[in-house]
Undergrad: 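Below is one structure. I have some questions about it.
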Protein chains: 2
Amino acid sequence: MAHEPQRRALARYLEEHNLKHTRQRELILDAFLDVQGHITSDDLYQRIRETEPQIGYTTVYRTMKLLCEAGLAAERHFDEGSTRYEIAHDHHDHLVCTRCGTIVEFECEMIEKTQEEIAKRYGFQILRHRHELYGLCEKCQGVLKRPPSELA
Amino acid sequence: MAHEPQRRALARYLEEHNLKHTRQRELILDAFLDVQGHITSDDLYQRIRETEPQIGYTTVYRTMKLLCEAGLAAERHFDEGSTRYEIAHDHHDHLVCTRCGTIVEFECEMIEKTQEEIAKRYGFQILRHRHELYGLCEKCQGVLKRPPSELA
DNA sequence: CCTCAATTTGAAAATGAATTTCGTTTTCGG
DNA sequence: CCGAAAACGAAATTCATTTTCAAATTGAGG
């Protein structure tokens, strides 16, 4: 039942912004950290309601935004539609399996540098970017190679 | 009033799929090609209704999907929200100005290759990808550098 | 502890893009 | 020209998300 550093970070953020420290906010932070990222607000809401049925999904949505502002979470929009949240950490990009939904993070210094060069060429000043590779993870490639009879 | 090659491509696609050749489809194709891409269905609908007020926006949405299937248009989802369509052509990625909305296309062989290497490292087979650089175009950097008094 | 203004909560309603429904109209092969 | 199939378009629906608003909670100052 820990996540002490993040709890303290949240507490600090709330104080600094004259916001209130509520049971719900602590609860949602804990649940979010437990699942280890790349989760939608709704998934998180479903999980939390199992043990805390009185919590509203509006509050989960609102709190995830708050955690982003506090620098504890980061919003991501993959092709599938709904917003996902990951635990905020160093810059990185993603590989997304279009069959099973697995999300793997990667980082590539060389691509980052090349992007800067491209931006310069067009006179742009890059503020952020989005780089997602969609395809099949190792497991799903295997599954799709089997004869049709073996497929569910 | 031309776009003959694309009109013929659409006609061929419709025939091959036992779909019907309608005035609306031709109209929407023409309007789409006229604006030179990166337009939303709704923008396109607004434009078309100026000269053809009886056309429904449902038809515009449906037809843009059709043009994608026919390989004449391609769907793009930038951060701002609604789906944009561009004229289908060789693979490329985008620079997007977050202030004025200007969209510039770029292509980088080196990044493409690097992506493949990254995918291999994680056992992924890439099917498609999305690479967007968000920032300020040259013009907007200039505007934002002026003293506040000059800003609208 | 108490009070009370400010904030937060949560249910319900609203939003906005996109899709579906369905009765009517159009297309096109015979 | 006929009629079945396809397409149209207005309206309703969906789905994720945001907003609204009355009631509940928080926490600073007494």
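Convention: sequence-line order gives letters A, B, ...; per-chain numbering from 1.
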Undergrad: Is the phosphate of dA7(D), meaning OP1 or OP2, less than 4.0 Å from a side-chain N or O of Arg25(B)?
TA: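 The answer is yes; a side-chain N or O of Arg25(B) sits under 4.0 Å from OP1 or OP2.
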Undergrad: Is Asp79(A) paired with Arg128(B) through a side-chain N to carboxylate O contact shorter than 4.0 Å?
TA: yes
Undergrad: Mind calculating the distance between CZ (Arg84(A)) and C1' (dT17(D)) to the nearest angstrom?
TA: 15 Å
Undergrad: Strictly under 6.0 Å, is that where the ring centroids of His131(B) and His94(B) end up?
TA: no
Undergrad: Between dA18(C) and Ser82(B), is there an OP1 or OP2 to side-chain N/O distance shorter than 4.0 Å?
TA: no
Undergrad: For His21(A) and dA6(C), give me the distance from atom NE2 to atom P, rounded to whole Å.
TA: 22 Å
Undergrad: The side chain of Tyr57(A) lies closest to which of these nucleotides: dT18(D), dA5(C), dG9(D)?
TA: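 Nearest listed nucleotide: dT18(D).
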Undergrad: Measure distances between side-chain N and O atoms of Lys20(B) and base N and O atoms of dT27(C), and say whether any donor-acceptor pair falls under 3.5 Å.
TA: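 Check passes, donor-acceptor contact within cut-off.
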Undergrad: Closer than 4.0 Å, any side-chain N/O of Gln24(A) to the OP1 or OP2 of dG10(C)?
TA: yes
Undergrad: Starting at CG of Leu27(B) and ending at P of dA7(D), how long is that distance when rounded to a whole Å?
TA: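 Between P of dA7(D) and CG of Leu27(B): 17 Å.
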Undergrad: Measure OH/Tyr61(A) against C1'/dT8(C) and give the value in whole Å, please.
TA: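 Between C1' of dT8(C) and OH of Tyr61(A): 19 Å.
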Undergrad: Looking at Thr22(B) and Arg25(B), would you say the former's side chain and the latter's main chain have a donor-acceptor pair under 3.5 Å?
TA: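 Judged by distance alone, yes, a pair lies under 3.5 Å.
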Undergrad: May I ask you to evaluate whether Thr22(B) reaches the phosphate of dC8(D), defined as a side-chain N or O under 4.0 Å from OP1 or OP2?
TA: yes
Undergrad: If the cut-off is 4.0 Å, is Thr83(B) near the phosphate of dA18(C), judged by side-chain N/O to OP1 or OP2?
TA: yes
Undergrad: Scan Thr58(B) against the nucleic acid and name what it touches under 4.0 Å (heavy atoms): base, sugar-phosphate only, or nothing.
TA: base
Undergrad: Evaluate side-chain hydrogen bond (donor to acceptor under 3.5 Å, both in side chains) for His77(B) paired with Glu75(B), printing each intermediate quantity in order.
TA: CA-CA 7 Å; His77(B) 301 265; Glu75(B) 231 180 274; 2.9 Å; yes
Undergrad: Linking Ile, Leu, Val, Met, Phe, Trp and Tyr by side-chain heavy atoms under 4.5 Å, what else ends up with Met110(B)?
TA: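 Traced through the cluster, Met110(B) reaches Met110(A).
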Undergrad: In whole angstrom, what separates Gln54(A)'s CD from dT8(C)'s P?
TA: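 Result: 18 Å.
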Undergrad: Could you state the CD1-C1' distance from Ile55(A) to dT9(C), rounded to the nearest angstrom?
TA: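 Atom CD1 in Ile55(A) sits about 9 Å away from atom C1' in dT9(C).
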Undergrad: Does a nitrogen or oxygen in the side chain of Lys65(A) sit under 4.0 Å from OP1 or OP2 of dT18(D)?
TA: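 Indeed, a polar side-chain atom of Lys65(A) lies that close.
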Undergrad: Tell me: CD of Gln46(B) to C1' of dA17(C), nearest whole Å?
TA: 13 Å
Undergrad: Please tell me which of Arg62(A) and Asp42(A) maps to the more 5' nucleotide of DNA chain D, matching each residue to the nucleotide holding its nearest heavy atom.
TA: Asp42(A)
Undergrad: Please give, in whole Å, the distance from dA6(D) P to Tyr13(B) OH?
TA: 14 Å
